Amino acid sequence: MTEEPLLEAKGLHFSYGSHKALEGVSLELYPGEILGVVGESGSGKSTLLNVLRGEARPSAGEVYYRDKAGERLNVFAISEGRRRKLARTELGFARQRPEEGLRMKVSGGGNIAERLFAAGERSYGVAREKAKEWLGKVEIPLSRLDDPPTQYSGGMRERLQLARNLATYPRLVLLDEPTGGLDASVQARVLDLILSLAKEFGLAGVLVTHDLRVARLLTERIMVMKGGAVVESGLTDRVLDDPRESYTQLLVSSTLGDA
Amino acid sequence: MARYRTGLNYAYLSEDAKRVVRRALLKAVAIPGFQVPFSGREMPMPYGWGTGGVQVTASLIGPGDVLKVIDQGADDTTNAVSIRDFLAKTAFCRVTEETGEATIIQTRHRIPETPLKEGQIMVYQVPIPDPLRFLEPKLEENRALHALREYGILYVKLYEDVTRHGEIAQSYDYPAMVNRRYAMSPSPIPRFDNPKLRLSPALHLFGAGREKRVYAVPPHCEVESLAFSDYPFRAGESGHRCELCGDGESFLDEMVVDDAGGRVFVCSDSAHCRRRRESLQGAELPRAEKEEK
C-alpha cells in the first residue's frame, strides 16, 4: 500500500494494577479501512480502544495519528488540549453502552448539537438543522428530535450515539461493540447503517466485537486478541475461513451458526 | 485600634483566616472569572445564608468603610438586616441604605439600580459557583473543561432552552464569559443584571461559603453573556411599572396583595424605589400599567 497509515500503534502495554491488559499490541490502520478486533471478554479489546483514542495512557508504546493537515502526531506527546480537540472533531467513539456516551437528560437533538457546539458552532439554527439531518441519516423519526434518549429504544440509542459522533465528519471512528445489546433485526439495520455511512464518508474505523459475524460483515482486516496480545491477524475472510492459531480455531468453531 | 465590645476579633474572623481569604481574592482578581479555592471558616450562620459573602466582606472591611447589605434588592429583609447588624457590631463600620454612599455592598440576588462607581466593592453571596456543575458532575473532567476553555457544553443548555421555550429561558444565574477566558456563574442575580457587570467601574467579588471558592470580576473587565449568534442575549423587561414609584426600567418583584389573587409589581431595589418616591413627592406618579395575561 502506498498510502500513509492514518493510525499506528507500536508495542502498546497497559496494566490495571498487576493485571496486564495489553502486552505489546501493534497495529496500522489506513484511510477508508475498517479493522476488526475480536476476542473473548477480558482479552483487552476495550482497553485497546481507550488507548487508541488517547484516553488511557499506555505504560509503554506509542500511538501515532495523521491529522487532516497530514501531520503525524504522537498522540500521547501532544498537549492535552490538542488531543481533546482531535477527539471531539476528527475522532468518533461509540461506547459499548450508549447510555454512557449520551447525555440522557438532554434531547436527542441536543445530543447531536453538543458535538457541533464543542467543535465551535454558535448558531442555534445551524445546529438544529444539522441535528435533524443526522437524525434522518440514522433513521430516527424526526418526531423524536426533542425527546430525551431515556425515551428511546436500545437500537435508537445506538444510532443516536453514531449520529452524535459522526456529526463533525470525523476521519476515524472507534466502535466498541456497536450492536452489543440489540436483537438480530435491529442489529442488521445498525450494521447496514455503519457500512453505508463509512462508504459515504470514506471513514476509517476500528471495530471491537466479540461477534464474528459482525466482524465478517463490516471489516476487511481482523485482529484476534487473547490475554492482551494479538494472536493472529490478517484479511478477515482468510482468518475466519482458515484460522491458523488454535485459539482462533476455537473462537470460530464456538460461534453459533455460520460465522 | 478598636475596643472589642463583642469579645471577638475585629470583623469576627481571626487575622489568619482573613489573610487566607485576602490571598485567594488577590488571585481571583488577577485571573478574572477563575474560581479560587480557599479554606473557608465556619460562620455563626447556616450555609446558604451568605457565609461566603460574609467572609469576603469581613476580610476587606475596615472601620472607615460604609456598608450596605441587600437581599433580593431590599435593605430591610431578614437576611440583609442580620448580616448588616453582625458586621456593624463586629467591624464598627457605618452602615447605609444609599448605594452611592456605600464602599462595600454585600448582596444576594441583585446589583443595585444606581450605577456603581470606581472604588466601590460588590460582594456576592454565591450558592453554586460553577456554571458547569450540573452539566459535568465529574470534578476532574469539569476542571479540564475550564482549563482548556471547552465551553461548548454550556450551549447545550441554551439549545434545550430555545428548543423547549422558543427563547433562552434561563432568567437568573445566566452564564457569562469573563475577560473572554473563563465561563462564570454570576451567582443567582437575574439575567437583567448581567449587563451591569460588563466594564463596570466597581470591583465585583463572589464568595461561595459551602463550596469554599471565591472569584472576581475586576473593574472595567469584559463580561459577555453567552448566547447564540441567531438568538442574542436579551436582558429582558417586565412590561410593567412599579406600583409605588412608577419606574418602568428597574427590576420588579411581583407581589400578591390580597386573597383574591390581586398582584402588583414593585421595585426589587428598595433604596432606589424610596429615593424615587421622595424625589417625586407631590408630583403625580406615572400610572402603573396593568396588563391582563
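Worth knowing before you read on, the calculation uses all heavy atoms, side chains too, and leaves out hydrogens, waters and symmetry mates. Owing to the predicted nature of the structure, the values given are computational and were not obtained by experimental measurement.
Taking a 6.0 Å sphere around CD of A:E133, one finds it holds more than 12 heavy atoms contributed by other residues, nucleotides or ligands. Under a cut-off of 6.0 angstrom, the local environment of CZ in B:R180 is sparse, with at most 12 non-hydrogen atoms contributed by other residues, nucleotides or ligands. Within 6.0 Å of OH in B:Y172 there are 12 or fewer heavy atoms belonging to other residues, nucleotides or ligands. Counted within 6.0 Å of CD on B:E140, heavy atoms from surrounding residues, nucleotides or ligands total 12 or fewer; the atom is thus considered open. The 12-atom threshold is exceeded at NZ of A:K137, counting heavy atoms of other residues, nucleotides or ligands nearer than 6.0 Å. Heavy-atom contacts from other residues, nucleotides or ligands closer than 6.0 Å to CZ of B:R143 number 12 or fewer. B:R234 CZ: 12 or fewer foreign heavy atoms inside a 6.0 Å radius.
Between chain A and the options B:V156, B:D230, B:V162, heavy-atom pairs under 4.5 Å are most frequent for B:D230.
At a 4.5 Å heavy-atom cutoff, the contact between B:Y231 and chain A is made by side-chain atoms alone.
Residues of residues 104-119 of chain A having a heavy atom under 4.5 Å from any heavy atom of chain B, listed by number: A:K105, A:V106, A:S107, A:G109, A:G110, A:A113, A:E114, A:F117, A:A118. Using non-hydrogen atoms only and a strict 4.5 Å limit, the part of residues 195-229 of chain B facing chain A consists of B:F228, B:S229.
Shown here for A:R84 and B:A144, the closest heavy-atom pair between the two residues is NH1-CB, 3.6 Å.
Note that the CG atom of B:L135 and the CZ atom of A:R103 stand 6.5 Å from one another [nearest 0.5 Å]. In this structure, B:T163 OG1 and A:R128 CZ are separated by 4.5 Å, a value rounded to the nearest 0.5 Å.
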